[in-house]
Amino acid sequence: MEYKFTTANFEEEVLNSDVPVLVDFYADWCNPCKMMAPVVEKLAEELAGSCKVGKCNVDENMAVAQKYRVVNIPTFIVFKSGQPVSTFRGAMSAQELRSNVEAAIK
């Protein structure tokens, strides 16, 4: 299941999560973000139970994007125990995204 992270639920869903969380910072108008959408959705299904995977729209949740210094999109940040532990940016293959996330959540 792919989550939708917002300013209102970010602390509860991401920072207070018992499992690692991958946040995809994106915008609806961003073509590389659109390319990554099905990849992120599939990864959410594959990692269900071991890692929460979700999206945060930077236009609708500017405060969250600014707090984590998201200036380029897509930006992917892995959080563990409420802290960002790994950041990667730009469109990438499904295998590269999965490898990056798996390395971060070990």
Asks: Starting at CE of M92, measure out to CE of M36 and round the result to the nearest 0.5 Å.
Replies: 5.5 Å
Asks: Under a 3.5 Å threshold, yes or no: a donor from one side chain and an acceptor from the other, between N61 and T7?
Replies: yes
Asks: Would a line drawn from the ring center of F10 to the ring center of F79 be shorter than 6.0 Å?
Replies: yes
Asks: Are F76 and V78 connected, step by step, through hydrophobic side chains (Ile, Leu, Val, Met, Phe, Trp, Tyr) whose heavy atoms are closer than 4.5 Å?
Replies: yes
Asks: Do F88 and V101 pass the side chain to side chain contact (heavy atoms under 4.5 Å, CB included) test, and can you show the C-alpha distance, the side-chain angles, and the key distance before you say yes or no?
Replies: CA-CA 9 Å; F88 22 100; V101 172; 3.9 Å; yes
Asks: Of the non-hydrogen atoms in A91 and P32, which two are nearest, and what is the gap between them?
Replies: CB-CB, 4.2 Å
Asks: Between A44 and M1, what is the shortest heavy-atom contact and its length?
Replies: CB-O, 3.8 Å
Asks: Run the numbers on R98 and L47 for side chain to side chain contact (heavy atoms under 4.5 Å, CB included), then give the verdict.
Replies: CA-CA 9 Å; R98 185 181 180 107; L47 296 179; 4.1 Å; yes
Asks: To the closest 0.5 Å, what do you measure between CG (N57) and CZ (F25)?
Replies: 11.0 Å
Asks: Answer whether the closest heavy-atom distance between the side chains of P84 and Y68 falls below 4.5 Å.
Replies: yes
Asks: I'd like to know if F5 and L15 are part of one continuous hydrophobic network [Ile/Leu/Val/Met/Phe/Trp/Tyr, side-chain heavy atoms within less than 4.5 Å].
Replies: yes
Asks: Tell me whether the count of non-hydrogen atoms from other residues, nucleotides or ligands lying under 6.0 Å of NZ in K67 goes above 12.
Replies: no
Asks: Do K106 and E102 sit within salt-bridge range, that is, some charged N less than 4.0 Å from a carboxylate O?
Replies: no
Asks: Is it true that V14 and I105 fall in one hydrophobic cluster, defined by side-chain heavy atoms closer than 4.5 Å?
Replies: no
Asks: Under 4.5 Å between any side-chain heavy atoms of I73 and W29, yes or no?
Replies: yes
Asks: Using the test side chain to side chain contact (heavy atoms under 4.5 Å, CB included), find all partners of N16 that sit at least two apart in sequence or belong to another chain.
Replies: E11
Asks: Determine, stepwise, if the pair Y3 / V23 fulfils side chain to side chain contact (heavy atoms under 4.5 Å, CB included).
Replies: CA-CA 9 Å; Y3 290 81; V23 180; over 6 Å; no
Asks: To the nearest 0.5 Å, how far apart are NZ in K4 and CG in D24?
Replies: 13.0 Å
Asks: Compare every heavy atom of A37 with every heavy atom of K55, then report the nearest pair and how far apart it is.
Replies: NZ-CA, 4.0 Å
Asks: Look only at the side chain of N9 and the backbone of T6, and say whether a donor-acceptor pair between them is shorter than 3.5 Å.
Replies: yes
Asks: Enter the distance from C51:SG to L22:CG here, rounded to the nearest 0.5 Å.
Replies: 6.0 Å
Asks: Kindly compute the distance separating CD1 (I77) from CZ (R69), expressed to the nearest 0.5 Å.
Replies: 10.5 Å
Asks: For a quick check under 3.5 Å, do E13 and S17 share a side-chain donor-acceptor pair by atom type?
Replies: no
Asks: Under the side chain to side chain contact (heavy atoms under 4.5 Å, CB included) criterion, do L43 and L97 qualify, and how do the steps go?
Replies: CA-CA 9 Å; L43 189 62; L97 179 62; 3.8 Å; yes
